Amino acid sequence: MSDATEPIASIASRSRRRALVPLLLIGVAAAVFAADQLVKNWVVAHLVEGQTVPVLGEFLRWHFVRNPGAAFSFATGSTWIFTILAAIVVVVILWQIRRLRSIPWGLFLGLLLGGVLGNLTDRLTREPGFPQGHVIDFISTPWMWLGFNEAIYNIADIAIVSGMVLFVIISLLGVNIDGSPRIRGRAAADQTSEETDGAA
């Protein structure tokens, strides 16, 4: 319930944010999903599987592979498990929209939703078939792996990792999904005490 002394302008601003942040989430997710699927379709139509095509020398190359595992070619052979996990993530994100008021959280969840949907669509629609379709990976950047086995990835993977980096920053800043600052330590205890006294 809003404080009776709260300015009308503040209430209106909060109401606009309540409406716009979920739209931000949906817009970011739609942009990531569309870019991911359009480029993957181009890759399947124009690149030869297993062939490396230099784009910027060794810095950036196209290398088309079909990945039965998780992001960055990890855990191959467990496609159906990742299909189930991805579907659960999508449901949880959609459920959280009703609480969403924070722009950083909207960006994080939008990136995560778009990336998960991109790879989930591959698992549901591409060869060898539902629900074990292989994800289309094609971005090769050997310099990133510092001598470890190189992993090939796609736009959806980039969105997921970018979203998780943003999530770490949000957590460090202590921002809640509803946009309120996180109360810690003594301040949280004092607020709980005040609420208890008020109820009494």
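All heavy atoms count here, side chains included; hydrogens, waters and symmetry mates do not. Here the structure is a predicted model, which is why all the values come from computation and not from measurement.
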Could you measure the distance from the [atom1] atom of [X] to the [atom2] atom of [Y]? Nearest 0.5 Å is fine.
X      : Y      : atom1 : atom2 : answer
Asp157 : Ser162 : CG    : OG    : 10.5 Å
Ile170 : Leu166 : CD1   : CG    : 4.0 Å
Leu25  : Leu20  : CG    : CG    : 13.0 Å
Asp36  : Asp122 : CG    : CG    : 6.5 Å
Leu24  : Leu109 : CG    : CG    : 10.0 Å
Leu124 : Gln132 : CG    : CD    : 11.0 Å

Quick one: are [X] and [Y] in side-chain contact, heavy atoms under 4.5 Å?
X      : Y      : answer
Phe33  : Thr121 : yes
Pro128 : His134 : yes
Ile177 : Gln96  : yes

Output, in order, the C-alpha distance, side-chain angles, deciding distance and verdict of ring pair (Phe, Tyr, Trp, His ring centres under 6.0 Å) for Phe108 and Trp105.
CA-CA 5 Å; Phe108 155 58; Trp105 272 91; 5.6 Å; yes
With clusters defined by side-chain heavy atoms of hydrophobic residues (ILVMFWY) lying less than 4.5 Å apart, directly or transitively, does [Y] cluster with [X]?
X      : Y      : result
Leu173 : Phe167 : yes
Val55  : Ile158 : yes
Leu56  : Leu47  : yes
Ile155 : Leu38  : no

His63/Ile139 under side chain to side chain contact (heavy atoms under 4.5 Å, CB included): CA gap, chis, key distance, verdict
CA-CA 6 Å; His63 185 86; Ile139 301 174; over 6 Å; no
In terms of ring plane angle, is the pair Trp42 and His46 parallel, tilted or perpendicular, where the classes change at 30° and 60°?
parallel
Apply the test side chain to side chain contact (heavy atoms under 4.5 Å, CB included) to residues Glu49 and Arg66: give CA-CA distance (whole Å), side-chain angles for both, the deciding distance (0.1 Å), then the verdict.
CA-CA 8 Å; Glu49 189 170 352; Arg66 297 180 186 271; 3.3 Å; yes
Polar side-chain atom of [X] near backbone of [Y] as donor-acceptor pair, under 3.5 Å:
X      : Y      : value
Asn154 : Ile136 : yes
Asn41  : Gln37  : yes
Asp178 : Arg101 : no
Asn67  : Val135 : no
Trp62  : Val43  : no
Trp143 : Phe59  : yes

How far apart are the closest heavy atoms of [X] and [Y], and which atoms are they?
X      : Y      : result
Ile97  : Pro22  : CG2-CB, 3.8 Å
Gly114 : Val32  : C-CG1, 3.6 Å
Ser102 : Val21  : O-CG1, 3.3 Å
Ala156 : Gly115 : CB-O, 3.3 Å

Given the rule in the side chain to side chain contact (heavy atoms under 4.5 Å, CB included) test, do Phe130 and Thr125 qualify, once you have shown the distances and angles that lead to the verdict?
CA-CA 6 Å; Phe130 178 94; Thr125 63; over 6 Å; no
Quick check: Phe64 with Phe138 (ring centres under 6.0 Å apart)?
no
I'd like to know if the side chain of Ser140 pairs up with that of Tyr153 as donor and acceptor (distance under 3.5 Å, no hydrogens or angles considered).
no
What verdict does the side chain to side chain contact (heavy atoms under 4.5 Å, CB included) test give for Glu150 and Arg61, after you've listed the backbone C-alpha separation in whole Å, the side-chain angles of each residue and the deciding distance to 0.1 Å?
CA-CA 12 Å; Glu150 180 188 4; Arg61 309 181 302 185; 3.4 Å; yes
Paired with Ile160, the side-chain contact (heavy atoms from CB on, under 4.5 Å) test is passed by just one of Val89, Asn119, Leu111, namely Asn119
